[in-house]
Amino acid sequence: MGSDKEDFFSRVWRVVDDIPTGRVTTYGHIAKALGATRSARMVGWALNAASGHARPCHRVVNRFGGLSGSTHFGGAHVMEDMLRGEGVLFDDDGCVTMDDQLWVPGAYD
DNA sequence: CAGGTGACCACTT
DNA sequence: TAAGTGGCCACCT
């Protein structure tokens, strides 16, 4: 099909778009779902390309539940407010309560 | 042209 | 058990 790069991006966006509201997932789980377990960084690049698109990339956090991408969102407060608006709860550390809201791509399919 | 960086994670010692 | 290192692929300087 088209470029492999674009295909990878599309897969990431597909998974991100599959994240239920009020749920979050991690780069590693997305990467693994795409068959690139060690390419979590590449997933971040895909989200970077998603910047400016209608992709709920704000639902993607790092394995600690921290808003790593908040920097590219215009401020951690912005991403935090968006997630809270979705019903996502945060810990006193400012991290998402992934233990209760972590969504695994494909695990529910 | 070549090197370093980056929205990170998993594995090994 | 915890800590440290490598790897992944593409873009930017």
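Numbered from 1 within each chain, the chains take letters A, B, ... in sequence-line order.
- Of the P atoms belonging to dA3(C) and dA7(B), the separation is 25 Å, rounded to the nearest Å.
- A salt bridge (charged side-chain N to carboxylate O under 4.0 Å, His left out) check over residues 87-102 of chain A, counting only residues at least two apart or in different chains, returns nothing.
- Linking ILVMFWY side-chain heavy atoms closer than 4.5 Å, directly or via other members, places Phe64(A) and Phe90(A) in two distinct hydrophobic clusters.
- Using a 4.0 Å cutoff to heavy atoms of chain A, the contacted part of DNA chain B runs 5' to 3' from dG6(B) to dC11(B).
- Residues of residues 85-100 of chain A that place a heavy atom closer than 4.0 Å to DNA chain B do not occur.
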Is there any protein nitrogen or oxygen under 3.5 Å from a nitrogen or oxygen in nucleotides 2-7 of chain C, and what are the pairs?
| unit_1 | atom_1 | unit_2 | atom_2 | d |
| --- | --- | --- | --- | --- |
| dG7(C) | O6 | Arg41(A) | NH1 | 3.1 |

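- Val43(A) has its side chain out of reach of Val15(A): every pair of non-hydrogen atoms, C-beta onward, lies at least 4.5 Å apart.
- Residues Val96(A) and Leu67(A) form a side-chain contact, since some pair of their non-hydrogen atoms from C-beta on lies under 4.5 Å apart.
- Whole-Å rounding puts the Asn48(A) CG to dC11(C) P distance at 11 Å.
- Each of Thr37(A) and Ala50(A) was assigned the nucleotide of DNA chain B with the nearest heavy atom; the assignment lying further toward the 5' end belongs to Ala50(A).
- Residue Asn62(A) is classed as a sugar-phosphate contact, given heavy-atom separations below 4.0 Å to backbone atoms only.
- Residues satisfying the side chain to side chain donor-acceptor pair (under 3.5 Å) test with Ser70(A), not counting sequence neighbours, are none.
- Note on Ser51(A): a base of the nucleic acid sits closer than 4.0 angstrom, heavy atoms only.
- Scanning residues 72-84 of chain A for heavy-atom distances under 4.0 Å to DNA chain B yields His72(A), Phe73(A).
- Nucleic acid contact for Thr71(A): none, since no nucleic acid atom lies under 4.0 Å from a heavy atom of the residue.
- Rounding to whole angstrom units, CZ of residue Phe9(A) and C1' of dC8(C) are separated by 13 Å.
- Screening residues 65-85 of chain A for ring-ring contact (aromatic ring centres under 6.0 Å, His included) gives no qualifying pairs among residues at least two apart or on separate chains.
- For the pair Ile30(A) CD1 and dC8(C) C1', the interatomic distance rounds to 16 Å; values are reported in whole Å.
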Donor-acceptor contacts under 3.5 Å from residues 51-60 of chain A side chains, at least two apart:
| unit_1 | atom_1 | unit_2 | atom_2 | d |
| --- | --- | --- | --- | --- |
| His53(A) | NE2 | Ala49(A) | O | 3.3 |
| Arg59(A) | NE | Glu86(A) | OE1 | 3.1 |
| Arg59(A) | NH1 | Ile19(A) | O | 2.7 |
| Arg59(A) | NH2 | Thr21(A) | OG1 | 3.4 |
| Arg59(A) | NH2 | Glu86(A) | OE1 | 2.7 |

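- Judged as a side chain to side chain donor-acceptor pair (under 3.5 Å), and not counting sequence neighbours, Asp18(A) has no contacts.
- Across all non-hydrogen atoms, the minimal contact from Ala50(A) to Trp13(A) is CB-NE1, 3.1 Å.
- Smallest separation of non-hydrogen atoms from Gln101(A) and Val88(A): OE1-CA, 3.3 Å.
- Not counting sequence neighbours, the partners of Arg84(A) by the salt bridge (Lys or Arg N to Asp or Glu O under 4.0 Å) test are Glu80(A).
- In this view, Arg63(A) satisfies the side chain to side chain donor-acceptor pair (under 3.5 Å) rule with no residue, not counting sequence neighbours.
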Between side-chain atoms of residues 24-41 of chain A and protein atoms elsewhere (two or more places apart, or another chain), which donor-acceptor pairs fall under 3.5 Å?
| unit_1 | atom_1 | unit_2 | atom_2 | d |
| --- | --- | --- | --- | --- |
| Thr25(A) | OG1 | Trp103(A) | O | 2.9 |
| Thr26(A) | OG1 | His29(A) | N | 3.3 |
| Thr26(A) | OG1 | His29(A) | ND1 | 2.9 |

